[in-house]
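One structure below.
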Protein chains: 2
Amino acid sequence: MKNFHPTGNCPVRDVLSRLGDKWSMLVLITLNANGTMRFSDIHKTIEDVSQRMLTVTLRTLESDGLVERKVYAEVPPRVEYCLTDTGGTLIPHIEGLVGWALENMDTILDHRQMNQQH
Amino acid sequence: MKNFHPTGNCPVRDVLSRLGDKWSMLVLITLNANGTMRFSDIHKTIEDVSQRMLTVTLRTLESDGLVERKVYAEVPPRVEYCLTDTGGTLIPHIEGLVGWALENMDTILDHRQMNQQH
DNA sequence: CGGTATCCCTGCGGATACTG
DNA sequence: CAGTATCCGCAGGGATACCG
């Protein structure tokens, strides 16, 4: 019987759990679609994320090496974010999931409603 | 500026948020790797999921039409689970993510540690 | 065997206010 | 502009007990 927790605490689960939070994937595909963006640009693009959670999400992605953060010593301050190479290699897989979701969400929503009527 | 919330409450986010929970992807790839499985088999394969959460996860996947649940009128009862066709089409994308995680987790973990020393 | 039913707790993430 | 700091509510999920 095949399983998927090689060592007890599985690094794959660790990595994937990061992407499974509410905003990470959205931030990544937004950065991929628009290239380098300022903090405020990302915030405008993803309207319903709070400033706090956008900061937290970006910092986590940065510390994982998926996003690069560049601070310019200007007044007012300017901070730019872009994907790293590692972050870029993740994009196709996220796009794959998004594409699948787009293709199948009608089927899924229908099926879900059916069962709700029970 | 490209964004990703077509209608305000985006079905893509809805669908993906389901897969982003703690156990769904794990259950799906386990079922894919082993074919039809009984409840207890899944539980043995994914050791650290509670009975409650395994039930909840399977029921959600069933109501979304990704997993099929078959109950046999026997004593003691037997319940078998397998992927549906729709569920099957999702597998390659999950495998893609898992593959990426396996390839890149060393880089990620290193990067993460560097930043923690700060 | 394959579940429910309860209770409970952690921690994700929102709201708001303040700052270099 | 791009953040911290603080507080707090809620839902995801664990532990335990019981059931057809």
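Basis for what follows: all heavy atoms, side chains included, without hydrogens, waters or symmetry-related copies. None of the values given here were measured: they were computed from a predicted structure. Every chain is numbered from 1, with letters handed out A, B, ... down the list of sequences.
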_Assess the residue pair B:L31 and B:V67 against the criterion (side-chain contact (heavy atoms from CB on, under 4.5 Å)); give the C-alpha distance rounded to whole Å, side-chain angles, the decisive distance to 0.1 Å, and a yes or no._
CA-CA 9 Å; B:L31 280 177; B:V67 157; 3.7 Å; yes
If you only use heavy atoms from C-beta on, which nucleotide in [options] is closest to the side chain of [X]?
| X | options | answer |
| --- | --- | --- |
| B:M53 | D:dA2, C:dG13, D:dG13 | D:dG13 |
| B:Q51 | C:dA17, D:dA17, D:dG13 | D:dA17 |
| A:T55 | C:dG14, D:dT4, D:dC1 | D:dT4 |
| B:P76 | C:dC1, D:dA2, C:dG14 | C:dC1 |
| B:S50 | C:dG13, D:dG14, C:dG2 | D:dG14 |

Taking OP1 and OP2 of [N], is either one under 4.0 Å from a side-chain nitrogen or oxygen of [X]?
| X | N | value |
| --- | --- | --- |
| B:R78 | C:dG2 | no |
| A:R59 | D:dG3 | yes |
| A:Y81 | D:dG3 | yes |
| B:S40 | C:dG2 | yes |

*asked:* Quick one about B:S24 and B:D21 (side-chain donor to acceptor, distance below 3.5 Å, no hydrogens or angles considered), yes or no?
replied: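 A pair is found: one side chain offers a donor N or O, the other an acceptor, under 3.5 Å apart.
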*Test log, rule side-chain contact (heavy atoms from CB on, under 4.5 Å), inputs A:W100 and B:V15*: CA-CA 10 Å; A:W100 179 90; B:V15 170; 3.7 Å; yes
Atom-pair distance ([atom1] on [X]; [atom2] on [N]), nearest Å:
| X | N | atom1 | atom2 | answer |
| --- | --- | --- | --- | --- |
| B:L54 | C:dC1 | CG | C1' | 13 Å |
| B:D21 | C:dC12 | CG | C1' | 14 Å |
| A:E74 | D:dG3 | CD | P | 14 Å |
| B:D48 | D:dG13 | CG | C1' | 13 Å |
| B:M37 | C:dG2 | CE | P | 11 Å |
| A:I46 | C:dG13 | CD1 | C1' | 15 Å |
| B:K22 | D:dG13 | NZ | P | 7 Å |
| A:R69 | D:dA2 | CZ | C1' | 8 Å |

*Pairwise 5' ranking along DNA chain C for A:P77 and B:L58, keeping only the more 5' one*: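 Taking each residue's closest nucleotide, the earlier one in sequence belongs to B:L58.
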*Any donor-acceptor pair under 3.5 Å joining the side chain of B:R52 to the base of D:dG13?*
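Yes, the side chain and the base share a sub-3.5 Å donor-acceptor pair.
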*Does the side-chain contact (heavy atoms from CB on, under 4.5 Å) test come out yes or no for B:L66 and B:L83, once each step is laid out?*
CA-CA 6 Å; B:L66 304 184; B:L83 291 181; 5.9 Å; no
*Rounded to the nearest 0.5 Å, how far does CD of A:E68 lie from CG of A:D85?*
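Atom-to-atom, A:D85:CG and A:E68:CD are 9.5 Å apart.
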